[in-house]
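In listed order, ligands and their atoms are each counted from 1.
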Amino acid sequence: MQFGVATLFPELMLGALDHGVVGRAKERGQIELSLANPRDWATDKHRTVDDRPFGGGPGMVMTPGPLSAAIESLKGRLPDAPVVYLSPQGRVFDQAMAGRWQQNGSLVLVAGRYEGVDERVINALVDEEVSLGDFVLSGGEFAALTIIDAISRLVPGVLGDPSSALEDSFGEDGLLDCPHYTRPENYNGQGVPSVLMSGDHKAIARWRRQQALTRTRDRRPDLLEKADLSAEDNVFLTSPGVS
Ligand code: 4FN
């Protein structure tokens, strides 16, 4: 999987992606990261990449020249990649988008700073605008990192042994996780659900599924509507006494 990122903070991207599962995938060459800093295409002696907004008001806007040159450079390196601008105006990112972009094999992400980018760069070069959610960020890099993490995990081999990747297939059915427990068996007076200590693997699998179903219904009913449910799941959810 090849990622291109247009960013004024390439060192922020490199530092964050050098750890854990993604860091290892980078070392193995399973994912590749190509960065383009608009500042490298600035032409004046101060290497300016921002300017005051037409119409006045607070803050600065990323100027079109250096930013579009950085994006064009990434498009040249990754000719089949869709160009995605991370912004609060975008459609909210989800696991289905992660899956589609992983299948595509390459992706160019554009991270904004200041008040954002000149709208004409979006019109000219961006295929899709995508948001992580409704909160204020200081830069699109934090969204780009999240999206790179989510996609990298889907690249075959990145999670190691494919059988464990299959068992560890969260997100696949669209349900929230069941609760997890590990040692000690008594933590500050809190025990562990007895079924998990029973050794009855079928009963454990059934309990976990039912916990995932009730938690999803109680906390994220929006996810339950889109979830991949079996006939048995539906029988359980509609059975009397299921709170
Ligand atoms: N954010 C809001 C309203 C107005 C502005 C912002 C905001 C970084 C360049 C965009 C934020 C959140 C999720 C990118 C937020 C995201 C960003 C994201 C982002 C600097 C301009 C800015 C109503 C959402 C609170 C700053 C709401 N997903 N502006 O955060 O890039 O991708």
**Prompt:** Can you list the atoms of ligand 1 that are under 4.0 Å from a heavy atom of Phe135?
**Reply:** 11 (C), 12 (C), 13 (C), 15 (C), 24 (C), 25 (C), 30 (O)

**Request:** Considering only protein heavy atoms, determine whether one is less than 4.0 Å from atom 16 (C) of ligand 1.
**Result:** yes

**Fill in**
Counting from 1 in the order shown, the ligand 1 atoms closer than 4.0 Å to a non-hydrogen atom of Arg113 are 9 (C), 20 (C)

**Prompt:** Counting heavy atoms only, which part of Val130 comes closer than 4.0 Å to ligand 1: side chain, backbone, both or neither?
**Reply:** backbone

**Euclidean distance, Asp50 CG relative to Tyr114 OH, rounded to 0.5 Å** = 4.0 Å

**Asked** Name the one of Val117, Val121, Val49 that satisfies side-chain contact (heavy atoms from CB on, under 4.5 Å) with Met62?
**Response** Val117

**Message:** Students often mix this up, so state it plainly: with edges at 30° and 60°, are the rings of Tyr181 and Trp207 parallel, tilted or perpendicular?
**Reply:** tilted

**Prompt:** Going through the distances and angles, do Gln210 and Thr214 end up as a side chain to side chain contact (heavy atoms under 4.5 Å, CB included)?
**Reply:** CA-CA 6 Å; Gln210 293 177 347; Thr214 53; 5.6 Å; no

**Charged N-O contact under 4.0 Å between Arg47 and Asp40** = yes

**Asked** Roughly how far, to the nearest 0.5 Å, is the CG atom of Asn104 from the CH2 atom of Trp101?
**Response** 10.5 Å

**Asked** Can you check whether Gly112 has an N/O within less than 3.5 Å of an N/O in ligand 1?
**Response** no

**Request:** Heavy-atom contacts with Ser131 under 4.0 Å: which atoms of ligand 1 show up? List them by number with element.
**Result:** 13 (C), 18 (C), 28 (N), 32 (O)

**Request:** Pick one of side chain, backbone, both or neither for how Phe93 approaches ligand 1, counting any non-hydrogen atom pair under 4.0 Å.
**Result:** neither

**Request:** Rounded to the nearest 0.5 Å, what's the gap from CG on Leu229 to CZ on Phe236? Could you check?
**Result:** 11.5 Å

**Message:** Below 3.5 Å, N or O to N or O, backbone or side chain included: is there any such pair between Val136 and ligand 1?
**Reply:** no

**Atoms in ligand 1 with a heavy atom of Glu115 nearer than 4.0 Å** = 21 (C)

**Asked** Nearest non-hydrogen atom to atom 6 (C) of ligand 1 belongs to which of Ser87, Gly116, Pro88?
**Response** Pro88

**Asked** Does the pair Val84 and Phe93 meet the rule for a side chain to side chain contact (heavy atoms under 4.5 Å, CB included), with working shown?
**Response** CA-CA 11 Å; Val84 173; Phe93 179 68; over 6 Å; no

**Prompt:** In Å, rounded to the nearest 0.5 Å, how long is the span from CD of Gln95 to CD1 of Ile151?
**Reply:** 9.5 Å

**Message:** On a heavy-atom basis, I'd like to know which of Ile147, Leu132, Leu137 is closest to atom 28 (N) of ligand 1.
**Reply:** Leu132

**Complete:** re atom 13 (C) of ligand 1, the protein heavy-atom contact at minimum distance is Gly133 O, 3.3 Å

**Prompt:** Counting from 1, what ligand 1 atoms have a heavy atom of Tyr114 closer than 4.0 Å?
**Reply:** 9 (C), 20 (C), 21 (C)

**Message:** Residue-level breakdown please: for Ala143 versus ligand 1, do any non-hydrogen atoms fall below 4.0 Å on the side chain, on the backbone, on both, or on neither?
**Reply:** side chain

**Interfacing atoms of ligand 1 (cut-off 4.0 Å, heavy-atom, Gly139)** = 8 (C)

**Asked** Just which atoms of ligand 1 are under 4.0 Å from any heavy atom in Leu86?
**Response** 14 (C), 31 (O), 32 (O)

**Asked** Rounded to the nearest 0.5 Å, how far apart are OG of Ser152 and CD of Gln102?
**Response** 9.5 Å

